[in-house]
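Written out below as structure tokens is the structure these notes cover.
A, B, ... follow the sequence lines: proteins, then strands. Residue 1 opens every chain.
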Protein chains: 4
Amino acid sequence: MDVALDQPGLFQNQQGEQYAPAANRLAPPRTALLTRFRAVRAASLEMCRPLSVEAFRIQPSEEISPPWWNLGHTSWFFVRNVLQPFGGAQEPADDDFDYVLNSYYASLGERVARARRGSLSRPTTAQIYAYRASVDCRVEELMLALDEPRWADLAAAIMIGLNHEQQHQELFYTEIKSILAQNPPRLRCGYLASPPVPARQASAEALRLVEFADGLFEFGHTGAGWCWDNELPRHAYYLRSFALADRLVSNGEYLGFISDGGYRRQSLWLDNGWSVAQQHGWQSPMYWERVDGQWWAWTLGGMRQLELDEPVCHVSFYEADAFARWSGETFDAQRGARLPSEREWEHAAAQIADDPADAAPEAFLDPCRLHPAAALGHERLRQMFGVVWQWTASHYEPYPGYLPFAGALAEYNSKFMDNQRILRGGSCATPRDHFRRTYRNFWPSPTRFQFSGIRLAQDLED
Amino acid sequence: MDVALDQPGLFQNQQGEQYAPAANRLAPPRTALLTRFRAVRAASLEMCRPLSVEAFRIQPSEEISPPWWNLGHTSWFFVRNVLQPFGGAQEPADDDFDYVLNSYYASLGERVARARRGSLSRPTTAQIYAYRASVDCRVEELMLALDEPRWADLAAAIMIGLNHEQQHQELFYTEIKSILAQNPPRLRCGYLASPPVPARQASAEALRLVEFADGLFEFGHTGAGWCWDNELPRHAYYLRSFALADRLVSNGEYLGFISDGGYRRQSLWLDNGWSVAQQHGWQSPMYWERVDGQWWAWTLGGMRQLELDEPVCHVSFYEADAFARWSGETFDAQRGARLPSEREWEHAAAQIADDPADAAPEAFLDPCRLHPAAALGHERLRQMFGVVWQWTASHYEPYPGYLPFAGALAEYNSKFMDNQRILRGGSCATPRDHFRRTYRNFWPSPTRFQFSGIRLAQDLED
Amino acid sequence: MDVALDQPGLFQNQQGEQYAPAANRLAPPRTALLTRFRAVRAASLEMCRPLSVEAFRIQPSEEISPPWWNLGHTSWFFVRNVLQPFGGAQEPADDDFDYVLNSYYASLGERVARARRGSLSRPTTAQIYAYRASVDCRVEELMLALDEPRWADLAAAIMIGLNHEQQHQELFYTEIKSILAQNPPRLRCGYLASPPVPARQASAEALRLVEFADGLFEFGHTGAGWCWDNELPRHAYYLRSFALADRLVSNGEYLGFISDGGYRRQSLWLDNGWSVAQQHGWQSPMYWERVDGQWWAWTLGGMRQLELDEPVCHVSFYEADAFARWSGETFDAQRGARLPSEREWEHAAAQIADDPADAAPEAFLDPCRLHPAAALGHERLRQMFGVVWQWTASHYEPYPGYLPFAGALAEYNSKFMDNQRILRGGSCATPRDHFRRTYRNFWPSPTRFQFSGIRLAQDLED
Amino acid sequence: MDVALDQPGLFQNQQGEQYAPAANRLAPPRTALLTRFRAVRAASLEMCRPLSVEAFRIQPSEEISPPWWNLGHTSWFFVRNVLQPFGGAQEPADDDFDYVLNSYYASLGERVARARRGSLSRPTTAQIYAYRASVDCRVEELMLALDEPRWADLAAAIMIGLNHEQQHQELFYTEIKSILAQNPPRLRCGYLASPPVPARQASAEALRLVEFADGLFEFGHTGAGWCWDNELPRHAYYLRSFALADRLVSNGEYLGFISDGGYRRQSLWLDNGWSVAQQHGWQSPMYWERVDGQWWAWTLGGMRQLELDEPVCHVSFYEADAFARWSGETFDAQRGARLPSEREWEHAAAQIADDPADAAPEAFLDPCRLHPAAALGHERLRQMFGVVWQWTASHYEPYPGYLPFAGALAEYNSKFMDNQRILRGGSCATPRDHFRRTYRNFWPSPTRFQFSGIRLAQDLED
């Protein structure tokens with residue numbers, strides 16, 4: 001069987017031209033990819049170990065999937081995009097679960113409504129674990145057996161599957177945070193055994209601004225590593241001079257916004273943002289609760305008093321934007337403040353010596369905290385990676401010359417380039433080898449359940 | 001501790017007058033009640049034995065609670081209405097679970113929103129089982145220890161708790177039927193091991209009408225047995241002469257309505273009914289599916305082809321009413337047809353020798369079928385009890401002189417006497433010792449997930 | 001042309017049997033009916049004289065039609081139910097306007113969605129006036145020209161059209177009250193030139209209870225006068241002994257309910273009522289506003305300070321029911337209080353010497369006030385007619401043996417016998433010759449824009 | 001009175017710096033501005049002359065205001081932004097109507113909910129005309145009387161008011177098109193006396209592509225003319241090489257999309273677009289109707305058969321985007337097709353000799369047609385201005401270095417820079433002196449009631 005006739009390579013357009021950078025086509029050695037496959041797949045299971053049988057099935061709202069689905073969907077992805085196109089072994093479960101594990105790929109057939117995932121008692125969690133194990137076996141078999149000419153294509157498909165699964169690993173942490181938060185106070189307990197220990201108790205240093213000169217710069221992925229289609233092509237863009245805050249906005253600073261009436265002053269908000277805030281009755285970031293005059297926040301380790309020098313988190317784009325406008329009034333009345341554009345952020349990140357994709361794992365904080373840490377150290381730019389995703393002012397649009405993946409995976413990114421905002425940086429829940437300075441995360445403006453925070457920017461005078 | 005000062009007896013009004021019939025005040029012997037308590041409580045656990053851990057947590061819609069909640073709520077009912085008022089032992093779980101297990105009793109405090117029960121992962125199913133066991137122990141202790149003067153009050157409260165639990169046992173069957181129906185066809189399997197075997201294959205006999213003369217008759221509960229507050233007081237009511245069908249409407253007859261355009265002819269429907277039918281796109285009873293030109297129906301034993309001589313089931317009041325109007329056109333153009341009033345039904349039921357509450361269990365069909373059976377035998381009136389609940393034309397209103405239970409239990413029935421319709425008879429899912437000819441079941445007109453069907457009636461000329 | 005073949009008489013059932021009382025078949029003399037026709041038709045125009053061209057087109061919500069529609073629809077009713085079936089003259093406008101002036105008669109064809117009436121700029125108000133004039137001419141022609149054998153049928157159809165128009169005349173007052181209330185305070189002005197002058201300033205006398213003995217009584221219309229199909233047939237019903245308040249609940253008494261937390265105490269409310277009240281944020285009757293610590297109310301003559309001894313008005317069934325329950329706590333803790341059933345009200349009304357249908361017009365207050373007056377005089381039962389409609393505890397159901405009008409007019413009443421409550425008595429906005437003690441008005445429980453108020457009742461001990 | 005202390009000039013930031021281009025600060029001579037003021041104000045009245053008294057009050061949906069409001073609001077704008085800050089004469093109506101004529105300026109106080117404008121019968125249309133006349137007098141007085149030092153500020157404010165009114169003049173045409181379309185077919189008549197005569201009957205020529213080389217170009221307003229704050233500042237941007245279609249997409253081409261299943265193929269649509277299309281049941285552009293196998297379209301002159309070579313109009317961004325994707329499949333499978341970015345459009349428009357703002361009025365088609373015309377002539381780029389607004393792929397974002405107007409007018413543009421798409425070009429309903437090649441129109445993606453159409457673009461290979 002030769003799928004090439006029916007299905008172009010993932011980095012071909014419909015006329016068969018190659019358009020992806022060489023890097024994505026450089027097939028890794030089989031054993032190296034096998035090792036990585038096992039590591040990523042095992043990590044998903046490891047994450048689920050603390051879960052009760054109950055927590056596996058909960059879907060608190062349409063946007064949050066139950067953990068069983070997460071485990072199943074990431075396996076289904078290999079069935080449809082690896083096993084089936086490359087002639088791997090088939091199992092009856094592939095057909096049985098196809099309908100419930102498809103997320104939104106219209107080209108891969110009908111699927112259960114997203115909001116109904118929490119209404120299913122089948123497949124059982126045990127069935128999903130068995131399905132995962134079966135998929136793993138079959139993918140490994142295929143990796144060992146496929147003939148050399150098609151290895152590069154297979155490797156490319158597997159790399160997408162692994163990066164997809166890592167996205168769901170991050171999603172998992174934000175979903176389980178929401179799932180466990182549903183329980184009423186007397187019954188609520190965290191995913192971790194205890195709340196995160198604050199990194200330090202010192203108060204936050206005043207925010208400093210780092211300045212960047214104007215110029216025509218290059219943006220988008222380059223080099224030997226892997227990337228998503230939406231990080232391409234590399235392209236030129238002219239930046240005006242600007243300044244970027246050296247660290248994230250802290251909880252303490254955000255409390256200033258709240259106490260100054262930030263949630264009641266319509267003039268600070270975008271029109272859409274004000275509507276959403278009124279509709280939901282927002283008065284503080286998500287997961288904050290005021291108990292006996294003290295602010296507490298829900299963490300993956302349970303409730304904990306708010307740490308003032310930790311970065312504010314779980315704010316929507318609208319809150320980030322309103323905070324920036326308010327901040328401009330007080331913090332620099334002369335020039336105001338705003339959110340950075342995604343290219344300003346990327347340009348600044350390129351000043352930091354290494355791309356995080358190349359950094360050693362030790363460069364990151366303890367990944368088991370799953371909570372954003374206060375700013376430490378004295379680098380010029382701090383908290384760029386691995387703390388919270390940073391809302392940018394940029395709507396999610398294709399880069400000039402963008403070509404989506406071919407075939408079913410064209411739906412992966414391109415269908416969502418409408419009315420969403422780009423976030424950059426990666427958070428405390430992002431897998432360690434999943435950071436890139438060109439990485440474009442995107443969510444609708446009202447989203448708050450992600451680890452999303454604020455970095456300020458400013459115009460400089462030309 | 002003497003609760004009498006704070007809380008009047010359940011059958012006292014606020015001035016302390018007794019108003020309940022002597023029967024409800026006749027305290028049963030302790031051992032008899034203990035035996036009954038154990039039997040009813042055990043039956044709820046027995047029902048849940050076939051459930052997967054997943055099925056326990058599913059809430060497909062606001063009106064259908066997950067099974068864990070059902071088990072917990074029926075225990076909570078004893079905590080709040082038996083253990084606490086009568087000084088039984090307390091446990092920390094009583095406080096922990098109070099918020100999530102209260103259904104709607106405003107007088108018993110705050111509670112989790114009904115639609116959020118399916119979003120909770122706590123209490124776990126195991127915690128609920130432990131809570132049940134603890135409640136059972138403590139109630140039994142109390143039953144053995146309480147002093148004689150207060151025994152009658154305690155027995156009355158326990159009787160309400162047991163009748164309440166039996167209502168939830170019936171609810172459980174209808175809820176699990178809906179829960180398992182959520183799974184997509186390839187994954188769907190029933191609560192029972194196999195579909196119900198049809199009672200017989202013979203075609204249904206033509207419907208006969210049984211006539212009843214007019215007169216001033218008595219209605220409402222009487223005699224030595226227990227009853228709900230809404231079955232009282234016994235009162236006089238004048239009935240015109242009428243006729244009642246000797247059996248329920250069959251699936252075959254209902255197919256006639258469908259094929260004659262019943263779901264498309266607005267003139268057959270009440271105005272509200274037509275709106276609801278359009279909004280939901282109703283084209284057949286709930287749980288019917290048309291596959292390759294054949295009608296199938298979802299049962300508690302899985303999918304099964306439609307049996308034409310079984311009674312139609314899972315229809316709303318609006319469908320029952322429209323069917324009756326259509327039926328009048330063809331079946332008796334002279335006098336038309338309609339649904340019976342609740343008192344016509346009760347008067348007719350009184351003609352059957354024994355009240356079902358007094359009948360031996362053997363009088364009923366195999367309770368394990370959980371599916372309505374076709375009409376058998378040659379009694380004058382068939383299928384009055386234990387097949388499907390029969391929609392009546394009567395809105396749910398208090399009987400003249402009605403007094404609700406005192407205290408928190410006043411909310412049990414009286415708050416719902418608005419815009420609901422009475423159903424009579426009991427269904428194949430009703431516990432065997434829970435039938436009464438004066439029993440008033442009630443649901444909003446659009447309800448379809450209950451075992452609800454149709455018996456026709458007709459005016460006679462005076 | 002002989003319509004009899006296609007369309008049975010209005011008081012025939014489908015088999016042609018007469019079932020209406022002789023009274024409705026007694027055709028009035030032509031000149032008498034012509035006089036009445038002109039009077040009723042002229043009254044609708046007279047009502048609209050104070051309207052601005054703008055007010056004619058406003059539809060503030062789905063349930064409130066703009067005045068142009070009201071004028072048009074009552075004319076359309078004669079086109080479809082009088083001119084067409086009896087061979088009257090036709091005009092092109094009959095076809096042009098048919099689609100927009102049909103209210104809900106499915107059997108009379110498609111129609112514009114009810115909520116879209118306010119979106120139409122055609123037909124213009126001038127077109128509607130011309131249409132009305134044309135219909136009047138043609139109906140009068142027909143009344144003079146039709147041959148004697150068919151006169152009785154024609155007269156019956158015209159009588160229905162006139163009674164229908166009178167219902168819309170009352171509706172008009174309640175609709176224009178709502179329409180003018182939409183304008184913001186600085187621009188708001190009333191339908192009448194000035195607010196109603198209070199009847200007197202004396203404080204309300206304490207409420208007295210009038211007792212009625214039990215017995216088997218007759219209900220429903222009887223005698224020589226005209227009535228709707230839903231007032232028939234005359235039938236027997238057994239009433240327990242009861243007491244009825246001698247007057248309506250006053251604004252002052254209702255303020256007691258408010259200040260005692262009536263709108264915040266869930267235990268006072270039906271479950272549905274509490275939901276509706278929360279959803280709409282009800283804190284007082286409709287049209288009440290609190291300005292600088294004083295209560296004001298919107299009247300058809302503009303804003304006016306609340307008069308404490310006038311009857312409370314513009315309350316929903318749910319508020320009336322909650323008030324009665326609250327009232328029982330304080331006013332008669334022994335026996336409580338409740339709303340009367342519709343038959344209790346009718347039985348009591350029959351004790352007043354004359355049916356209002358027979359009373360001289362002078363018996364009523366000045367109809368130009370359009371505002372409920374305080375209780376005056378010393379009759380045993382006061383304010384039974386012509387003040388506010390009085391919510392009863394009875395759902396709207398057909399009387400036993402009920403037969404709807406035949407043909408298209410079957411939809412007039414019968415399609416709405418679901419989840420509505422009966423009101424009795426007639427209000428200050430009801431046309432003077434439109435009262436009857438058997439008159440059954442009906443509205444959904446949450447309705448507040450009608451002139452609807454409260455009369456209390458009580459059980460007596462047998 | 002000196003407002004300067006309280007309110008900075010419109011082109012000052014909060015620190016008082018001037019940032020607007022010299023052009024906007026060059027105050028025109030008083031007589032020239034007076035002439036323009038009279039012309040623009042008169043045009044609004046002229047537009048309303050064909051309206052019936054009914055059409056003035058209709059609000060078919062929240063986004064479409066009734067004409068009376070349009071006339072009032074554009075006058076209110078002068079009261080709040082010209083008369084009050086510059087000390088013009090005051091009238092009681094200014095206060096009376098303030099609440100209902102404010103559109104969304106939170107900083108200018110409370111206002112009537114946008115969706116309720118159609119529920120007001122006050123102010124009457126006559127009151128609005130009187131208010132307009134009074135405002136005109138007072139503004140003219142102020143223009144003649146104000147001292148020279150403040151003339152430039154006054155002129156700037158009046159210029160904004162006039163440009164604002166011209167935007168509402170265009171809105172008026174699209175609103176009245178929708179308002180008159182509400183009437184049912186038999187009663188529907190147009191705003192113009194007759195449908196637009198097609199420019200010619202010849203079939204459309206094949207679409208040609210005009211190529212543009214890459215480079216770093218300048219964008220945003222420049223020169224001596226007036227502009228909105230969102231067209232500034234002038235800034236550099238790097239464009240890749242691209243091609244732009246020489247004309248708009250025609251109705252005939254769009255029919256190809258429909259007949260090829262364009263509205264049924266999910267893969268052609270953005271995810272949000274598909275949802276919206278399903279929700280509203282879109283099957284064709286707005287205002288198209290299929291009658292007896294022929295396509296008709298509603299125009300401002302009534303219903304007319306669809307002209308195949310006229311440009312498609314009244315499509316949402318989602319339809320434009322899906323059409324472009326579909327078009328790429330067939331029309332150029334090699335490189336596909338897409339919508340242009342707003343800067344690609346502006347760059348191409350700069351190739352046309354004159355900015356339309358400088359063109360003589362005769363350059364435009366007959367403005368009384370109010371309907372988009374087929375492509376004529378042989379210019380390199382046709383139909384760039386004055387036919388339909390052309391959806392671009394660009395979300396509405398501030399230009400780098402953007403500063404909103406100061407004071408209340410900061411809300412004019414900046415609050416809406418979220419989840420909207422830019423349209424360029426101006427339409428057949430745009431006032432003749434209101435075009436600019438830098439003009440940025442913006443609407444939410446689902447919008448269809450504007451004259452909005454499609455111009456295709458394409459990537460070129462570098």
Any D:Pro233 side-chain heavy atom under 4.5 Å of A:Arg240 side chain: yes

Short side-chain to backbone donor-acceptor contact, D:His395 and A:Asn419, under 3.5 Å: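 Yes, because the side chain of D:His395 sits within donor-acceptor range (under 3.5 Å) of the backbone of A:Asn419.
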
Would you say the side-chain atoms of D:Asn272 pair up with the backbone N or O of A:Asp418, donor to acceptor, closer than 3.5 Å?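 Flag set: sc D:Asn272 to bb A:Asp418 pair under 3.5 Å.
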
What part of [X] gets closer than 4.5 Å to chain D, counting heavy atoms only: side chain, backbone, both or neither?
X: A:Tyr105; result: neither
X: A:Glu411; result: neither
X: A:Leu216; result: side chain
X: A:Trp269; result: backbone
X: A:Ala410; result: neither
X: A:Arg421; result: side chain
X: A:Ser414; result: backbone
X: A:Phe242; result: neither

So which of D:Ser445, D:Pro444, D:Pro400, D:Pro398 has the biggest tally of heavy-atom pairs under 4.5 Å with chain A? D:Pro400

Gap separating the OG atom of D:Ser107 from the CD atom of A:Gln266, nearest 0.5 angstrom: 9.0 Å

Spacing of CE belonging to A:Met417 relative to CG belonging to D:Asp321, to within rounding of 0.5 Å: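 With rounding to 0.5 Å, CE (A:Met417) is 11.5 Å from CG (D:Asp321).
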
Quick one: what part of D:Tyr318 sits under 4.5 Å from any heavy atom of chain A, side chain, backbone, both or neither? side chain

Below 4.5 Å, heavy-atom pairs only: which of A:Tyr237, A:Phe317, A:Tyr396 has the largest tally toward chain D? A:Tyr237

Looking at D:Gln279, I want to see if its CD is surrounded by more than 12 non-hydrogen atoms of other residues, nucleotides or ligands under 6.0 Å.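 Result for CD/D:Gln279: enclosed.
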
